**Q** 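I am attaching a structure below and will ask some questions about it afterwards.
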Amino acid sequence: NPEKTTVTINLPKADVATIYRAQWINGDEIALSGFTNDGAYVWIARMSEGTLREAAQLSETVTWTSTGLWNVGLIGVDENGNVVTQTAATGNQSVLEYRYPDSLAISSSDTLSGFVRSYVMRGERSVMVSDNGALTTWFGNGNPMSLAGKYNWAG
């Protein structure tokens with residue numbers, strides 16, 4: 001019912017942080033990423049409690065005044081419910097960080113060429129859309145197969 005409010009979460013004020021992406025990570029929690037003048041952050045909002053947990057900093061060099069903001073922040077959730085974030089590395093590479101949803105501590109990371117717009121892992125299949133719109137997919141731990149030139153992200 002769009003007319004009924006079920007929960008209100010107090011997000012950081014607009015002059016403190018700009019939230020630019022949100023994604024459900026389970027049936028009760030939403031990961032949010034955004035920027036302050038001190039860097040890029042990810043927060044977890046819990047619907048059942050109406051709370052916002054303390055933010056985890058993703059970068060202190062990329063702030064809301066930086067160019068290329070879309071290269072740092074929330075990417076998605078993997079099949080284990082880990083929050084996947086991206087931080088810019090050197091050159092034309094990005095680092096994906098897999099974070100435990102309860103603590104946002106980094107459990108592992110991957111370095112990829114280019115920047116990732118979205119990243120989804122579901123069971124045996126992973127799907128990634130790169131910054132140039134190319135769609136890449138792979139099964140299990142197999143080699144990624146780029147579908148560039150055949151399929152492109154329309155968003």
Side-chain angles (χ1 to χ4, degrees), residues 2 4-122 126-138 144 146 148 152-155:
K4 182 180 176 186
T5 301
T6 57
V7 67
T8 301
I9 306 285
N10 290 323
L11 299 177
K13 302 282 186 206
D15 61 343
V16 173
T18 300
I19 306 293
Y20 83 100
R21 183 157 184 200
Q23 180 167 344
W24 286 98
I25 58 174
N26 57 48
D28 188 36
E29 295 178 314
I30 298 174
L32 308 156
S33 66
F35 300 93
T36 71
N37 61 352
D38 296 325
Y41 291 86
V42 64
W43 294 264
I44 302 292
R46 181 168 286 149
M47 300 297 106
S48 62
E49 298 172 0
T51 58
L52 184 68
R53 293 195 338 232
E54 185 175 339
Q57 190 171 40
L58 304 177
S59 171
E60 38 183 55
T61 58
V62 179
T63 69
W64 59 16
T65 60
S66 303
T67 58
L69 295 177
W70 55 87
N71 297 333
V72 175
L74 179 66
I75 294 296
V77 179
D78 71 9
E79 75 272 16
N80 297 316
N82 294 312
V83 177
V84 183
T85 59
Q86 176 174 244
T87 57
T90 58
N92 191 26
Q93 291 184 327
S94 61
V95 176
L96 294 186
E97 297 173 331
Y98 302 87
R99 297 170 176 270
Y100 297 116
D102 55 345
S103 66
L104 293 176
I106 298 169
S107 61
S108 64
S109 63
D110 281 328
T111 300
L112 301 173
S113 62
F115 295 104
V116 179
R117 290 186 189 227
S118 67
Y119 184 86
V120 177
M121 296 175 70
R122 291 285 183 263
S126 298
V127 178
M128 175 179 71
V129 178
S130 65
D131 58 335
N132 65 2
L135 177 65
T136 303
T137 187
W138 62 99
S146 178
N152 285 296
W153 187 251

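Residue numbers count from 1 along this sequence. Predicted, not measured: the structure shown is a model, and the values here were computed from it.
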**Q** When rounded to the nearest 0.5 angstrom, what is the spacing between CE in Met47 and CH2 in Trp24?
**A**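 Atom-to-atom, Met47:CE and Trp24:CH2 are 5.0 Å apart.
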**Q** Show the nearest heavy-atom pair for residues Gln57 and Gly39, with the distance to one decimal.
**A** NE2-CA, 4.1 Å
**Q** Taking all non-hydrogen atoms of both residues, which atom of Gly34 and which atom of Trp43 are closest, and how far apart?
**A**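 Heavy atoms only, the tightest pair is N-CZ3, 3.6 Å.
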**Q** Strictly under 6.0 Å, is that where the ring centroids of Tyr20 and Phe35 end up?
**A** yes
**Q** Evaluate the side-chain proximity of Glu60 to Asp38: yes if any heavy-atom separation is below 4.5 Å, no if none is.
**A**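 Asp38 does not reach Glu60 side chain to side chain.
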**Q** Does any N or O in the side chain of Ser33 come within less than 3.5 Å of the main-chain N or O of Leu74, such that one atom is a donor and the other an acceptor?
**A** yes
**Q** Output the distance between atom CG (Leu52) and atom CD (Glu29), rounded to the nearest 0.5 Å.
**A** 11.0 Å
**Q** Find the distance between CG (Leu58) and CD1 (Ile106) and round it off to the nearest 0.5 Å.
**A** 8.5 Å
**Q** Could you walk me through whether Arg99 and Thr85 pass the side-chain contact (heavy atoms from CB on, under 4.5 Å) test, one step at a time?
**A** CA-CA 8 Å; Arg99 297 170 176 270; Thr85 59; 3.0 Å; yes
**Q** If every non-hydrogen atom of Ile25 is compared with every non-hydrogen atom of Pro101, which pair is closest and at what distance?
**A**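 Distance-wise, the nearest heavy atoms are CD1-CB, 4.0 Å.
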**Q** Do Leu96 and Ile75 have side-chain heavy atoms sitting under 4.5 Å apart?
**A**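 Yes, close enough: below the 4.5 Å cut-off.
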**Q** Taking side chain as C-beta onward, heavy atoms only, is Leu104 less than 4.5 Å from Val42?
**A**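 Yes, close enough: below the 4.5 Å cut-off.
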**Q** Rounded to the nearest 0.5 Å, how far does OG of Ser107 lie from OH of Tyr98?
**A** 9.0 Å
**Q** I want to check something: taking the side chain as every heavy atom from C-beta on, are Pro12 and Tyr41 in contact at a cut-off of under 4.5 Å?
**A**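 No, too far: nothing below the 4.5 Å cut-off.
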**Q** Do Arg46 and Ile30 have side-chain heavy atoms sitting under 4.5 Å apart?
**A**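 No. Closest side-chain heavy atoms not under 4.5 Å.
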**Q** What is the distance from atom OG of Ser103 to atom CZ of Arg53, rounded to the nearest 0.5 Å?
**A** 7.5 Å
**Q** Roughly how far, to the nearest 0.5 Å, is OG1 of Thr51 from CD1 of Ile44?
**A** 10.5 Å
**Q** Keeping the roles fixed (side chain from Arg21, backbone from Gly73), state whether a donor-acceptor pair exists under 3.5 Å.
**A**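 The answer is no, because no donor-acceptor pair under 3.5 Å joins these two groups.
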**Q** Can you find a heavy atom in the side chain of Gln86 that is under 4.5 Å from one in the side chain of Val72?
**A** no
**Q** Could you walk me through whether Leu32 and Leu11 pass side-chain contact (heavy atoms from CB on, under 4.5 Å), step by step?
**A** CA-CA 10 Å; Leu32 308 156; Leu11 299 177; 3.6 Å; yes
